[in-house]
Amino acid sequence: MIDIRFIRENADLVKAAITNKNEKADIDELLMIDDKRRKLQFEFDNKKALQNQVSGQIAAHKKNKEDATALIAQMSGVADEIKVINSELTAINNEFEAILLTVPNVPFESVPIGRDEASNKEIRVHGTPPAFDFEPKEHIEIATTNDLLDMARGAKITGSGFPVYTRQGAKLERAVINFMLEYHLQKHGYEELGTPFIVNRKAMTGTGQLPKLENDMYLCTEDDLFLIPTAEVPVTNMHMDEILPLAQLPIKYVAYTPCFRREAGSYGKDTKGLQRLHQFNKVEMVRFVEPEVSYAALEEMLIDAEEILQAFGLHYRVVELCTGDLSFAAAKTYDIEVWAPGAKRYLEVSSVSNFVDFQARRANIRYRDSEGKVRFVHTLNGSGVATPRLVIAILETYQNADGSFRVPQVLRPWFDLKV
RNA sequence: GGAGAGUUGCCGGAGCGGUUGAACGGGACGGUCUCGAAAACCGUUGUCCCUUUACGGGGACCCAGGGUUCGAAUCCCUGACUCUCCGCCA
């Protein structure tokens, strides 16, 4: 969330950010409630101060065996008054919090302003589209020919958007995950976590999925627990309500998890094969850093993700998202889009974002700086990377004229692992 | 699922309903001593909110939320979590 003090002093800036992000949040209402709640708090504090003071006197009287009935009588109504103010205060604080949680993060100053992805800015292009002396096929055809994927049976046992990877397909995907994990561990110095795939409301609120995206997530109503849409949620919330010692920063975690997304409202879009799924696997990087270095860390993470695609020898481009395409919690985001020669288009395989202190405030993740002051950390995360579209790009890039495909060199050790 | 025990500050661990934001011990940090270090000794060691130019002042917080009371870390209720035993089970 955004510091209410910042909102008070920069209301116009925050309002512009809301507009530019195509979000809705009533800042005027928020500020009005903020004012009311501070007045109530003041009243509460004063009443409490009186009660504390007289209670001290009562204690002193009793200690000296003096009569305190007058003082007790004087206080008998005060407790009720405090109770009333307190319940009003609780109500207004809840109201305040509810609105504050709907205020999106403010985009970083350099982020291009724009309505939608049309205003995104291409940062760089790596490599060139591979050339074929035959017409390259789309992944779903390659997968069918080689028995890698069974979408129909996935639909039978769950529903559409739940793929079954079959035989070599399952092995290929697992090899990809292993390769990416080890790469980040060994070359980029991340620490691996294996987290729960189901989290509670507090965690979902901490990273900013709630309250906005409740409808996009799978919910176990019996226990009020959500299936994670990304490892960002459990991993970032690892340090919820903690004050980290400076020596621990930066913290760099990598985790593989499945991701579950209802994709409400996107039916009929990118439905082919593995392009858009309700369940997919992803290797995710998360960092906790000092505020001063978070934008440098963002560039580093982007490279960390790019190296994966480079290792696979894939053609891709990096795009900086404009304000309108930026997610609710992000201040700045790069997307990496890999080239799919069969589909003849770029597919988003990674999103690398700096959330600055937005998530840290929500999840109350702080650190003690070199002067001993407690401050909010900056959090970042990036896919490194999501498997379905990576598998698409691999199959389409490494396909042969006869319909077969090659396993990229870097995957061989994982694919041909001997036991 | 059944029965029981617990949840206090960085950690361990006290805490009769009334100057207890919290004894005591450990750790950490600063200082004295030392050529340096250890030991010893002295000191420091909370988060958040409101107010103040500042010094300061006020409030909240001892798992969470309610209740009893003039007053709750301390009593009562509910919930969460942890541990032990039983049952079930990968």
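Just so we're on the same page: letters track the sequence lines, and every chain starts at 1.
Rounded to whole angstrom, the span from the CZ atom of A/Arg38 across to the P atom of B/rC48 amounts to 18 Å. The separation between A/Gln57 atom CD and B/rC70 atom P is 17 Å, rounded to whole Å. Per the geometry, CZ belonging to A/Arg201 stands 16 Å off P belonging to B/rA80, to the nearest Å. The distance from atom CG of A/Asp241 to atom C1' of B/rC48 is 12 Å, rounded to the nearest whole Å. Separating the CD1 atom of A/Ile243 from the C1' atom of B/rC48 is a distance of 10 Å, rounded to the nearest angstrom. When rounded to the nearest whole Å, the span between CG of A/Asn93 and P of B/rG65 equals 12 Å. Between A/Glu371 atom CD and B/rC29 atom C1' there is a gap of 15 Å when expressed in whole angstrom units. The CG-P distance, from A/Leu71 to B/rU69, rounds to 19 Å in whole Å.
Remark: the A/Asn146 side chain and the A/Gln168 side chain contain no N/O donor-acceptor pair separated by less than 3.5 Å.
For an aromatic pair to be called close, the ring centres must be under 6.0 Å apart, and A/Phe312 with A/Tyr398 fails this. The distance between the ring centers of A/Phe108 and A/Tyr295 falls below 6.0 angstrom.
Taking atom C1' in both B/rG43 and B/rA5, one finds a spacing of 40 Å when rounded to whole Å. For the C1' atom pair drawn from B/rU52 and B/rU45, the interatomic distance equals 26 Å after rounding to whole Å. The same atom, P, is picked in B/rG21 and in B/rG12; the two are 23 Å apart, to the nearest Å. As rounded to the nearest Å, B/rU78 and B/rG26 have C1' atoms that lie 37 Å from one another.
Remark: B/rU78 base-pairs with B/rA64. Criterion, Watson-Crick or G-U wobble with two distances under 3.5 Å. B/rU69 is unpaired under the Watson-Crick or G-U wobble criterion, no partner having all donor-acceptor distances under 3.5 Å. In this structure, B/rG87 forms no base pair with any nucleotide, since neither Watson-Crick nor G-U wobble geometry is met with both distances under 3.5 Å.
At B/rG71, none of the side-chain N or O atoms of A/Asn52 fall inside 4.0 Å of OP1 or OP2 (strictly under the cut-off). For A/Lys63, no side-chain nitrogen or oxygen approaches OP1 or OP2 of B/rG18 to under 4.0 Å. Side-chain N/O atoms of A/Gln51 include one lying less than 4.0 angstrom from OP1 or OP2 on B/rG71. The side chain of A/Arg368 contributes no N or O atom lying less than 4.0 Å from OP1 or OP2 of B/rC10.
Counting heavy atoms from C-beta outward, A/Phe405 and A/Thr397 have side chains that stay 4.5 Å or more apart.
When distances are taken from the side chain of A/Lys83 to each of B/rC70, B/rG59, B/rU68, the shortest belongs to B/rU68. You'll find that the side chain of A/Arg5 is closest to B/rC50, out of B/rG59, B/rG18, B/rC50. For A/Arg8, the side-chain atoms get nearest to B/rC50 when compared with the rest of B/rG59, B/rC50, B/rG18.
For the pair A/Ala305 and A/Val385, the tightest heavy-atom approach, listed with the atom from each and the gap, is O-CG1, 4.2 Å.
Checking A/Thr90 against A/Ile72, the closest nucleotide of RNA chain B that is more toward the 5' end is the one next to A/Thr90. Checking A/Phe42 against A/Gly372, the closest nucleotide of RNA chain B that is more toward the 5' end is the one next to A/Gly372.
Considering A/Val78, A/Val84, A/Ile85, A/Asp80 as possible partners of A/Ile82, the one that fulfils the side-chain contact (heavy atoms from CB on, under 4.5 Å) test is A/Val78.
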